[in-house]
Amino acid sequence: MNAPILPREALAGRLAELRRGPRPPRLVLTNGGFDLLHVGHLRCLEAARALGDLLVVALNDDAALRAAKGPGRPHQPLAERMELVAALRCVDFVTWFAEATLEVTLSALRPDVHAKGTDYDESSLPEAGLNRRLGIAMAFVGDPKTHHSRAFRRSGETPP
């Protein structure tokens, strides 16, 4: 069964409902472009999920991803990227955001943990200050950043 894909505001309401339950879940949130899903993404998502009871994945929308990664990106449109991420068994909810940073999403969803890949640390994470102010723990998970979507060749290209 695929994880629900919800707009940020609807997801905030759903998470508020879950938190009112008898045993509020420990919520982990991670984010990224997930443009051409690869094993590094999977390992990061699985490690993030292991930190809590629910994993929310927030994806950059197409314009934000293009601004961050440059022309020619994304390789896959947002709807397809979200569908792929939602199909992973370690993912409980998927949402998206248009801003350059995750601050609006973190403020709206208030996770217990903000998980990022090992290519980040507290000094390089743009949202680190907000995480500290909101009491959101930070975790850096997954294997070393040796997998990159840019390493995939386009159809018909020959290896160097």
Side-chain angles (χ1 to χ4, degrees), residues 2-12 27-51 55-111 113-134 136-160:
N2 289 355
I5 299 171
L6 299 170
R8 180 171 51 207
E9 296 74 21
L11 180 55
L27 175 65
V28 180
L29 184 145
T30 193
N31 66 287
F34 300 96
D35 190 25
L36 296 181
L37 198 60
H38 56 68
V39 71
H41 291 135
L42 177 62
R43 291 172 183 165
C44 185
L45 293 169
E46 288 177 333
R49 177 61 174 81
L51 299 174
L55 177 61
V56 173
V57 182
L59 281 79
N60 302 82
D61 76 3
D62 291 344
L65 188 60
R66 189 171 304 107
K69 301 288 186 174
R73 298 291 294 273
H75 297 298
Q76 297 172 301
L78 177 62
E80 291 179 13
R81 292 183 284 123
M82 289 192 304
E83 184 178 344
L84 286 167
V85 170
L88 299 174
R89 71 174 162 251
C90 59
V91 176
D92 296 291
F93 294 97
V94 174
T95 193
W96 65 95
F97 62 103
E99 300 83 15
T101 70
L102 196 63
E103 290 188 352
V104 173
T105 301
L106 288 166
S107 296
L109 303 182
R110 300 288 180 112
V113 180
H114 179 197
K116 288 295 288 181
T118 57
D119 50 329
Y120 288 91
D121 60 31
E122 283 195 41
S123 68
S124 63
L125 185 65
E127 304 86 3
L130 177 67
N131 284 336
R132 285 189 287 273
R133 286 191 301 280
L134 295 177
I136 299 170
M138 290 172 270
F140 303 96
V141 298
D143 56 2
K145 184 77 174 195
T146 57
H147 308 281
H148 301 277
S149 297
R150 67 179 174 269
F152 290 102
R153 289 187 289 277
R154 294 180 192 267
S155 179
E157 287 184 2
T158 56

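Position 1 is the first residue of the sequence, and the numbers go up from there.
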TODO: Determine, for D35 against R73, whether the closest basic-nitrogen to carboxylate-oxygen distance falls under 4.0 angstrom.
DONE: yes
Task: side chain to side chain donor-acceptor pair (under 3.5 Å) partners of E122, counting only residues at least two apart - done: R132
Task: Contacts of D61 that satisfy side chain to side chain donor-acceptor pair (under 3.5 Å) - sequence neighbours left out - done: none
To the nearest 0.5 Å, what is the distance between [atom1] ([X]) and [atom2] ([Y])?
{"X": "K69", "Y": "H75", "atom1": "NZ", "atom2": "NE2", "answer": "9.5 Å"}
{"X": "L42", "Y": "F34", "atom1": "CG", "atom2": "CZ", "answer": "10.5 Å"}
{"X": "H38", "Y": "H41", "atom1": "NE2", "atom2": "NE2", "answer": "3.5 Å"}
{"X": "T30", "Y": "L45", "atom1": "OG1", "atom2": "CG", "answer": "6.5 Å"}
{"X": "T101", "Y": "L130", "atom1": "OG1", "atom2": "CG", "answer": "8.0 Å"}
{"X": "N131", "Y": "M138", "atom1": "CG", "atom2": "CE", "answer": "5.0 Å"}

Open item on the list: Walk me through whether I136 and L29 qualify under side chain to side chain contact (heavy atoms under 4.5 Å, CB included).
Closed with: CA-CA 10 Å; I136 299 170; L29 184 145; over 6 Å; no
Where is the tightest heavy-atom contact between [X] and [Y], given as atom of each residue plus distance?
{"X": "A139", "Y": "V113", "result": "CB-CG1, 4.0 Å"}
{"X": "L65", "Y": "G33", "result": "CD1-CA, 3.8 Å"}
{"X": "N60", "Y": "L78", "result": "O-CD1, 3.7 Å"}
{"X": "A108", "Y": "A12", "result": "O-CB, 3.7 Å"}
{"X": "A47", "Y": "G142", "result": "CB-N, 3.9 Å"}

- [ ] Starting from the C-alpha separation in whole Å, work towards a yes-or-no answer on side chain to side chain contact (heavy atoms under 4.5 Å, CB included) for L6 and F93.
- [x] CA-CA 7 Å; L6 299 170; F93 294 97; 4.1 Å; yes
TODO: Dump the intermediate steps for side chain to side chain contact (heavy atoms under 4.5 Å, CB included) on L37 and L88, then the final yes or no.
DONE: CA-CA 11 Å; L37 198 60; L88 299 174; 4.1 Å; yes
Task: Which residues share a salt bridge (Lys or Arg N to Asp or Glu O under 4.0 Å) with R8, sequence neighbours left out - done: E99
TODO: Measure from the side-chain N and O atoms of Q76 to the backbone N and O of L36, and report whether any donor-acceptor pair falls under 3.5 Å.
DONE: yes
TODO: Keeping the roles fixed (side chain from T118, backbone from F140), state whether a donor-acceptor pair exists under 3.5 Å.
DONE: no
With a 4.5 Å limit on heavy-atom distance, are the side chains of [X] and [Y] in contact?
{"X": "V104", "Y": "F97", "value": "no"}
{"X": "R66", "Y": "P74", "value": "yes"}
{"X": "V28", "Y": "P111", "value": "no"}

With sequence neighbours excluded, what pairs up with [X] under the side-chain contact (heavy atoms from CB on, under 4.5 Å) test?
{"X": "E83", "answer": "none"}
{"X": "D92", "answer": "R49, L54, L55"}
{"X": "S124", "answer": "Y120, D121"}

Task: Pair H114-N31, side chain to side chain contact (heavy atoms under 4.5 Å, CB included): steps then yes or no - done: CA-CA 9 Å; H114 179 197; N31 66 287; 3.0 Å; yes
